[in-house]
Amino acid sequence: MNSYNELPKTYSPGDFEDKIYANWCEKGYFTPTIDHNKPSFTIVIPPPNITGQLHMGHALDNTLQDILIRYKRMAGFCTLWLPGTDHASIATEAKIVEAMRKEGITKEDLGRDGFLERAWAWKEQYGGRIISQLKKMGSSCDWSRERFTLDEGCSEAVKTVFVKLYDKGLIYRGNRIINWCPKCLTSISDAEVEYEDQAGHFWHIRYPFKDGSGYLEVATTRPETLLGDTAVAVNPNDERYKDMVGKMLILPLVGREIPVIADDYVEADFGTGCVKITPAHDPNDFEVGARHNLPVINVMTDDAKITEDYPAYAGMDRFVARKQIVKDLEEGGFLIKVDNYAHNVGTCYRCGSTIEPRVSLQWFVKMEPLAKPAIDAVRNKDIRFVPERFEKNYFHWMENIRDWCISRQLWWGHRIPAFYCDDCGETVVTKDASAVCPKCGKAMRQDPDTLDTWFSSALWPFSTLGWPEETEDLKYFYPTNTLVTGYDIITFWVSRMIFSALAYTDNVPFDTVLIHGLVRDAQGRKMSKSLGNGIDPLEIIDKYGADALRFALATGNSPGNDMRFSDEKIEAARNFANKLWNASRFVRMNLTIDQVALPAESELATEDKWILTELHKTVESVRANLDKYELGIALSSLYDFIWDIFCDWYIELAKTRLSDKESAGNIVCQNVIAYVLIETLKLLHPFMPFITEEIYQSLPHDDESIMIAEYPDAAKVPCFAEESEDMARVIDAIRAIRTRRAEMNVAPSRKAKVYIATKYDACFLAAAGFFARLASASEVIVADAFDAALVSGDNAVQIITDSAAIFLPMADIIDFEKEKARLAAEQKKLEDEIARIEKKLSNQGFVQKAPAAVVEGEKAKMEKYRENLAGVTAALAKLG
RNA sequence: GGAGGCAUAGCUCAGCUGGUUAGAGUGCUUGCUUGACAUGCAAGAGGUCACUGGUUCGAUUCCAGUUGUCUCCACCA
């Protein structure tokens, strides 16, 4: 026995995952040491909200990032994964306000400072929760560099950007129509509005002409906004209404005189062709109103009640007012008809309330000049999306971009660094905490609003590295490399990081955007609170371990595609971990050596050369797929190698040498099996960090931890093409014998002689022991050619493989009819295949145009099938 | 209204630049206490790769259309 740790009999991840993680942290492996001789590889985490709890989306996102980071770290890069959290202004403020409401306190009771004190206390209490949950996943983030979007450095970056943009004229303040959430009592950006189909009505209303010459019929889905109408518009080319443009109407219920105007915005064939224009409460109407210099009449308070200007409805909620107005219209004879009508209603992405378009004084970022370089960067491939198709999304959004409303009527966030003079109306934008009016010398009042959360998130890739300071980190780690995120956040975040980075750092923020899909439930539904179908990653970790969770999320995952999560998947993952555990336990218990070194080629057995060659191929495949961001394919090639090749074959082939400690090959085999296992553990480590570390520590090893070991390199794993072929022939033959025996229901305990006729006699002779162990052979007789006399009696089962004809003398149990039927079926199949290839080869087009290698391949295949067919035919003839 | 994804074994999905006897996991059937693992081993059944055209010597793979399905964007009062 060697001197390393034992592995417990059962795989019990809960016993070691936390311990291992603590050790990694303690050793400081996650914290890079800047080394200018090494290339850097940097990922900034998409900062989770401090209000958040770990869900499957985070789990997937972090698994993918950790795989890339651990791979690059082992592959020799100086690697930084920079973690942190987002203050999530609207979500957090809503949560705190809700908690206060339960205590009977309002924001106003506490005042701004009191509220912020409470918010920070809340952050201290809950903000760390999501971080500790990420640690359970095994995330190898550099926690010493952890950041928060509201910390000092990020705030400095935010102020710097704001002032810069303002000075360049790219930030302005103006009265515009914005999306207003009457519940959250704040503006929100266009991207934060979610549209949903709702059943509604189309009310047709009579607007009488002032001169008594009849009326116009106007249709609306929102009759309550009628109070703020300042015109009715028709299409200028609409013959029906041509003569009415310029005439005055009397607004029903209100009595105000409003004009009929002509504007291209109106489509003649939709509805009645007449549109009521309410500039204060509809974005399109706002624009029409601006073109025609119409007054903007606001009829609602900020919590969506009718204002005092309309006494009949004052104080009524908008939906109550709607009913009342419809009733009054009906009673006044203004209502013509009501149609049912399904339409899209904008809702607040946070609270779900119906959005109220509203005119108010807000800060905006002028987007067009910023968008252009951001579009170019992706077009030039300075930034690449994986998969590429998401570039379309990005371009579409960027090319149709509208100015970004960045002010929020919230307290939890970055306060807008603008100051106003109440006396002269002067505005000063400065990073300073206070300002004095340059005109009248009076103290100025700071804007009470805060910035959109995404304003600070947009700076995340560089604000976290110290920008605007020229820090060492910024110089070394920036631009970052890969950004990993879901497709649902491309517009909110990815695109804003890109234009921000280009505008302020003159550089791209990252070179690659790896997009992943959503994790859905077993039925394919989105996981959501309202459905209650969410799966808690922490519960999964408790039950199956973090490695199994990571495996389940990474395997079969292809970029940009959604995936389902199910019990079956996680169980399969756990079973794989268990398999690896037990295989390792087997290797471990057979080791007497204290150091592993690959033996010289001359000492290696054929099966050793075979497994090394298979390992070589696996290393190539894993690395190539990791480099292509095909993490799912990389992992499944590892899975196949470990389970189907290493466990099912190599371990079985190695058992003889391993169990006989005195045998000549024992030490050689120990070294080979340990070498292959250790290299495999390294390959697997980025995907399943805990179990690989635990096993690594129990085997002879060179590095203190597997996570700082060198990632396997195919160039360093020997490869023996010919011997590998030999082994494949033997395996093929063993499989064929097993298949025949299983078909005949021969118990494994019943041994039988095996006669093998082959031109590869040397390799089959050497493999005699394997036939005994794995194919129930009592004796193996190999000859270089078929000789009927070799076989005892005529009644042998005959098996034809690509490299051998095999005879199993089992006359007593052969069902001749079945045997004939089987051989006939095989004969037919081979004949069909041969016919197919013959047809192909007789096609001049194929022979002339197909690549020579393909044609040669087909010829070789046909040769092989012909040989097999001859064997099968002979066997059949023998049976009569 | 615009854009995109998906459609392959009963189920969940791979199959990445066209040439494979089309794969995996799971489920199903059969046989195994083979001294690492029953969370296992061995074997088997199961697919006109949605449909219709086109390009090509050759299409599950590329192109177009059709159908079904999901998503994103825009929002017409």
Atom P, compared across B:C11 and B:C49: separation rounded to whole Å: 16 Å
Sugar-phosphate only, base, or nothing, as touched by A:Asp562 at under 4.0 Å among non-hydrogen atoms: nothing
Sugar-phosphate, base or nothing in reach of A:Arg740, heavy atoms under 4.0 Å: nothing
Parallel, tilted or perpendicular: ring planes of A:Phe390 versus A:Tyr487, cut at 30 and 60 degrees: parallel
B:C75 OP1/OP2 closer than 4.0 Å to side-chain N/O of A:Arg402: yes
Rounded distance (Å) that lies between atom P of B:G58 and atom CD of A:Gln844: 14 Å
Sugar-phosphate, base or nothing in reach of A:Arg836, heavy atoms under 4.0 Å: sugar-phosphate
Sugar-phosphate only, base, or nothing, as touched by A:Ala583 at under 4.0 Å among non-hydrogen atoms: base
Interatomic distance where CZ belongs to A:Phe385 and P belongs to B:A3 [whole Å]: 20 Å
Rounded distance (Å) that lies between atom C1' of B:U21 and atom CG of A:Leu830: 9 Å
A:Lys392 or A:Lys526, whichever maps to the more 5' nucleotide of RNA chain B: A:Lys392
Distance-only donor-acceptor test (3.5 Å): side chain A:Glu630, base B:A14: no
Salt bridge present between A:Arg822 and A:Glu819 (N-O < 4.0 angstrom): yes
A:Glu224 side chain near A:His281 side chain, heavy-atom distance below 4.5 Å: no
Any A:Lys9 side-chain nitrogen or oxygen under 4.0 Å from OP1 or OP2 of B:C37: yes
Under 4.0 angstrom between A:Tyr394 side-chain N/O and B:C73 OP1 or OP2: no
Nearest-Å distance for atom pair NZ/P, residues A:Lys569 and B:U12: 10 Å
Mutual orientation of the aromatic rings belonging to A:Tyr11 and A:Trp581 [parallel < 30°, tilted 30-60°, perpendicular > 60°]: tilted
Value in whole Å for how far the C1' atom of B:U34 lies from CD1 of A:Ile651: 14 Å
Residue whose nearest RNA chain B nucleotide is more 5′ - A:Arg574 or A:Met563: A:Met563
Of the listed nucleotides B:C76, B:A14, B:G19, the one nearest the side chain of A:Ile633: B:A14
Within 6.0 angstrom of A:Lys828 NZ, more than 12 heavy atoms from elsewhere: no
Sugar-phosphate only, base, or nothing, as touched by A:Asp832 at under 4.0 Å among non-hydrogen atoms: nothing
Salt bridge present between A:Arg866 and A:Glu838 (N-O < 4.0 angstrom): yes
A:Trp643 side-chain N/O to B:C41 phosphate OP1/OP2 under 4.0 Å: yes
Exam field: side chain A:Ser637 to backbone A:Ala634, donor-acceptor pair closer than 3.5 Å: yes
Sugar-phosphate, base or nothing in reach of A:Tyr865, heavy atoms under 4.0 Å: base
A:Glu571/A:Arg574 salt bridge by N-O under 4.0 Å criterion: no
Euclidean distance for P, B:G25 against B:C41 (whole angstrom): 10 Å
A:Lys751, NZ atom: more than 12 neighbouring heavy atoms under 6.0 Å: yes
Sugar-phosphate, base or nothing in reach of A:Thr555, heavy atoms under 4.0 Å: nothing
Touch class at under 4.0 angstrom, heavy-atom based, for A:Asn561 against every strand present: sugar-phosphate
Gap in Å between the two C1' atoms, one belonging to B:G44 and one to B:U39, rounded: 23 Å
Pair of N/O donor and acceptor under 3.5 Å linking B:C37 base with A:Asn578 side chain: no
Sugar-phosphate, base or nothing in reach of A:Phe576, heavy atoms under 4.0 Å: nothing
Touch class at under 4.0 angstrom, heavy-atom based, for A:Glu652 against every strand present: base
A:Arg322 to A:Trp203 six-membered ring, cation-pi geometry met (6.0 Å, 45°): no
Over 12 non-hydrogen atoms of neighbours within 6.0 angstrom of NZ in A:Lys829: no
Phosphate OP1/OP2 of B:G44: any A:Thr739 side-chain N/O under 4.0 Å: yes
Secondary structure string for RNA chain B (Watson-Crick or G-U under 3.5 angstrom, | for other-strand pairs): (((((((..((((.....[...)))).(((((.......))))).....(((((..]....))))))))))))....
Residue-phosphate contact under 4.0 Å: A:Asn400 side-chain N/O, B:C73 OP1/OP2: no
Sugar-phosphate, base or nothing in reach of A:Thr220, heavy atoms under 4.0 Å: sugar-phosphate
Sugar-phosphate only, base, or nothing, as touched by A:Asn344 at under 4.0 Å among non-hydrogen atoms: base
N or O in side chain of A:Thr10 less than 4.0 angstrom from B:U39 OP1/OP2: no
Span that lies between the C1' atom of B:U26 and that of B:A9, in whole angstrom: 12 Å
Any donor-acceptor N/O pair under 3.5 Å between B:U12 base and A:Arg564 side chain: no
Touch class at under 4.0 angstrom, heavy-atom based, for A:Glu267 against every strand present: base
A:Arg322 CZ to B:A77 P, straight-line distance once rounded to whole Å: 12 Å
Distance test, side-chain N/O of A:Lys840 to OP1/OP2 of B:U20, below 4.0 Å: yes
Sugar-phosphate, base or nothing in reach of A:Tyr341, heavy atoms under 4.0 Å: sugar-phosphate
Value in whole Å for how far the C1' atom of B:C13 lies from CG of A:Leu518: 17 Å
Inter-nucleotide P distance (B:G18, B:U56), Å rounded: 16 Å
Step-by-step salt bridge (charged side-chain N to carboxylate O under 4.0 Å, His left out) determination, A:Glu833 to A:Arg836: CA-CA 5 Å; A:Glu833 273 309 305; A:Arg836 197 179 60 84; 3.0 Å; yes
Spacing of A:Asn582 atom CG relative to B:G35 atom P, expressed in whole Å: 14 Å
A:Lys861 side-chain N/O to B:U21 phosphate OP1/OP2 under 4.0 Å: yes
Gap in Å between the two C1' atoms, one belonging to B:A64 and one to B:C70, rounded: 22 Å
Any A:Lys655 side-chain N or O less than 4.0 Å from OP1/OP2 of B:A36: yes
Interatomic distance at C1', B:C13 relative to B:G53, whole Å: 29 Å
Spacing of the P atoms in B:U66 and B:C73 (rounded, Å): 25 Å
